[in-house]
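Source: prediction; values computed, not measured.
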Amino acid sequence: MVGEEGAFVLGWEEVLTEEELSMTLKVLCMSEEEFKEYKEQDGWEDDSDEEENSALSNEVLSRLKPPCKKLLYDSVLLTLESYGSDLKAEEDLLNNKEAYEKLSRREQQALHVRYGQKRILHQLLELVH
C-alpha cells in the first residue's frame, strides 16, 4: 500500500502522496470486522468519488478521526526519533554563524534539508494533536 520506499511525502500545505496515505489510514483505522467486509467487497478499487477528489490538505488532516490522528501523531514521533538531533539543535546550528561556516557545503545543505523536514513534521504534529 505504501509503495516501494515505504514513506509518505508531506508538503507545507498538503500530503503529496495523498492516495497512499488516505488508503493506509483508512485500512489501519478499520475494525477487524470493517476490514473483512471491505476486503470481501473488493473495496480496494471501489471508493467513493468524494474520497478520490479530496486532497489531504492541512485542514483535512486536522479534522481526521481521533484514531487516525493518533496513528499519524505516533508515526511522526517515531520518524522524528530516527533523526540524530532535534529541531532545536538544527536551529541552534543554523543561527550560529561560526559553527555553520565550519561545515562543508554538503553538510550545510544536509542541515537545511533536515531542518525543513523536521519543521514539516512538527507542523503535522500540531495539526493532528
If you round to the nearest 0.5 Å, how far is [atom2] of [Y] from [atom1] of [X]?
X: Lys102; Y: Leu93; atom1: NZ; atom2: CG; value: 11.0 Å
X: Phe8; Y: Thr79; atom1: CZ; atom2: OG1; value: 10.0 Å
X: Lys118; Y: Tyr83; atom1: NZ; atom2: OH; value: 7.0 Å
X: Tyr38; Y: Met30; atom1: OH; atom2: CE; value: 5.0 Å
X: Lys65; Y: Lys26; atom1: NZ; atom2: NZ; value: 9.5 Å
X: Ser104; Y: Gln109; atom1: OG; atom2: CD; value: 8.5 Å

Residue from Val76, Asn58, Leu61 passing side chain to side chain contact (heavy atoms under 4.5 Å, CB included) with Gln123: Asn58
Compare all side-chain heavy atoms of [X] with those of [Y] and state whether any distance is below 4.5 angstrom.
X: Glu59; Y: Leu127; answer: no
X: Leu64; Y: Leu25; answer: yes
X: Leu121; Y: Leu77; answer: no
X: Leu56; Y: Ser22; answer: yes

Val9: hydrophobic cluster co-members (side-chain, 4.5 Å): Leu16
Flag yes if more than 12 heavy atoms outside [X] fall under 6.0 Å of its [atom1] atom; otherwise flag no.
X: His112; atom1: NE2; value: yes
X: Glu19; atom1: CD; value: no
X: Glu13; atom1: CD; value: no

Closest contact, heavy atoms only, Cys68 versus Cys29: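 So the two residues come closest at SG-SG, 2.6 Å.
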Treat each ILVMFWY residue as a node, draw an edge where side-chain heavy atoms are under 4.5 Å apart, and state whether [X] and [Y] are in one component.
X: Trp12; Y: Leu21; result: yes
X: Leu87; Y: Ile120; result: no
X: Tyr73; Y: Val60; result: yes
X: Leu80; Y: Leu94; result: no

Pairing of Lys36 and Glu40 as salt bridge, 4.0 angstrom limit: no
Partners meeting salt bridge (Lys or Arg N to Asp or Glu O under 4.0 Å) with Lys69 (sequence neighbours left out): none
Test item: Thr17 side-chain N/O and Glu20 main-chain N/O as donor-acceptor pair under 3.5 Å: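 Not at all, since once roles are kept as given, no pair shorter than 3.5 Å links the two residues.
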Donor-acceptor under 3.5 Å (Glu81 side chain, Leu78 main chain): no
Side chains of Glu90 and Ser85, donor plus acceptor under 3.5 Å: yes
Intermediate values then yes/no, side-chain contact (heavy atoms from CB on, under 4.5 Å), Leu72 and Leu125: CA-CA 8 Å; Leu72 268 179; Leu125 282 179; over 6 Å; no
Residues Tyr100, Asn95; criterion side-chain contact (heavy atoms from CB on, under 4.5 Å); working and verdict: CA-CA 8 Å; Tyr100 180 79; Asn95 291 326; over 6 Å; no
